[in-house]
Amino acid sequence: MKKLAAFAVAALACASAMAQMPVPLLDNDAVANPAQWKIAAPIVQAGLECRQQINPDNPALRPLLPSNDAGQWELVPPKGFAVFGLPVQSITIYIDPDGEMGASYTASVATPKAAAVKAAKLNGQRKTKIGSLMAEQGSRPSLTDITCTVSGSRETE
């Protein structure tokens, strides 16, 4: 009976961990190869740095951002990918399919918040082309989430 209970707990723990993993880690077909990342990286980086909107229909981005109804993607970039010179651990992109809610592009960087704010010049020194930038404490003290928020059509009416 104890073995069965231990097995059940282990199975639940594994299922919980799998449910929290980003899509590319669960489905090997969704993982972009290095050549695809090399082509898409400048576009993704420009979006994360609030310099250019990300269009999931761009042919260079299709391997990274396959069509979906939710308009949200979670990506794990290759080693060496950076925004504002900071190493990126994961990326979350949300683009409202209707355009009303706008978009948000978040990079989780392996840097404490104070260092990320300084590197991204978020203390009033940075002008953006497409939206607003902010930094928030990440899931661990060593991580910071830098988010570019782009207004949607609803907010401009």
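One-based numbering along the sequence shown. Not measured: the values here are computed from a predicted model. Quick note: numbers below take in every heavy atom, side chains included, and nothing from hydrogens, waters or symmetry partners.
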| Hydrophobic cluster membership, Ile39 vs Ile54, 4.5 Å side-chain cutoff | no
Looking at residues at least two apart in the chain, or sitting in another chain, which of them share a side chain to side chain contact (heavy atoms under 4.5 Å, CB included) with [X]?
X	answer
Arg140	Ser142, Leu143
Asp96	Tyr94, Asp98, Glu100, Met101
Glu136	Met134
Ala103	Ile95, Tyr105, Val150

| query | Looking at Val109 and Ile146, what are the two nearest heavy atoms and their distance? | reply | CG2-CD1, 4.1 Å
| Partner set under side-chain hydrogen bond (donor to acceptor under 3.5 Å, both in side chains) for Arg62, not counting sequence neighbours | none
| field | Sequence-distant partners of Ser104, side-chain hydrogen bond (donor to acceptor under 3.5 Å, both in side chains), two or more places apart | value | none
| Selection residues 39-53 - residue pairs positive for salt bridge (charged side-chain N to carboxylate O under 4.0 Å, His left out), sequence neighbours left out | Glu49-Arg51
| Check: Leu75 and Leu65 side chains under 4.5 Å, non-hydrogen atoms | yes
| said: Can you confirm whether Trp37 sits close enough to Leu64 that some side-chain heavy atom of one is under 4.5 Å from a side-chain heavy atom of the other? | reply: yes
| message | Under the disulfide bond (SG atoms under 2.5 Å apart) definition, can you give me all pairs with a residue in residues 45-103, not counting sequence neighbours? | response | Cys50-Cys148
| note | Sequence neighbours excluded, the answer for ring-ring contact (aromatic ring centres under 6.0 Å, His included) partners of Phe84 is none
| Hey, what do you get for CD1 (Ile43) to CG (Asn55), rounding to the nearest 0.5 Å? | 9.0 Å
| message | Under 3.5 Å, is there a donor on one side chain and an acceptor on the other for Thr106 and Thr147? | response | yes
| task | Apply the test side-chain contact (heavy atoms from CB on, under 4.5 Å) to residues Gln36 and Lys38: give CA-CA distance (whole Å), side-chain angles for both, the deciding distance (0.1 Å), then the verdict. | result | CA-CA 5 Å; Gln36 292 168 328; Lys38 186 175 182 178; over 6 Å; no
| request: Name all pairs fulfilling the ring pair (Phe, Tyr, Trp, His ring centres under 6.0 Å) condition that reach into residues 45-66, sequence neighbours left out, sorted by first residue then second. | output: none
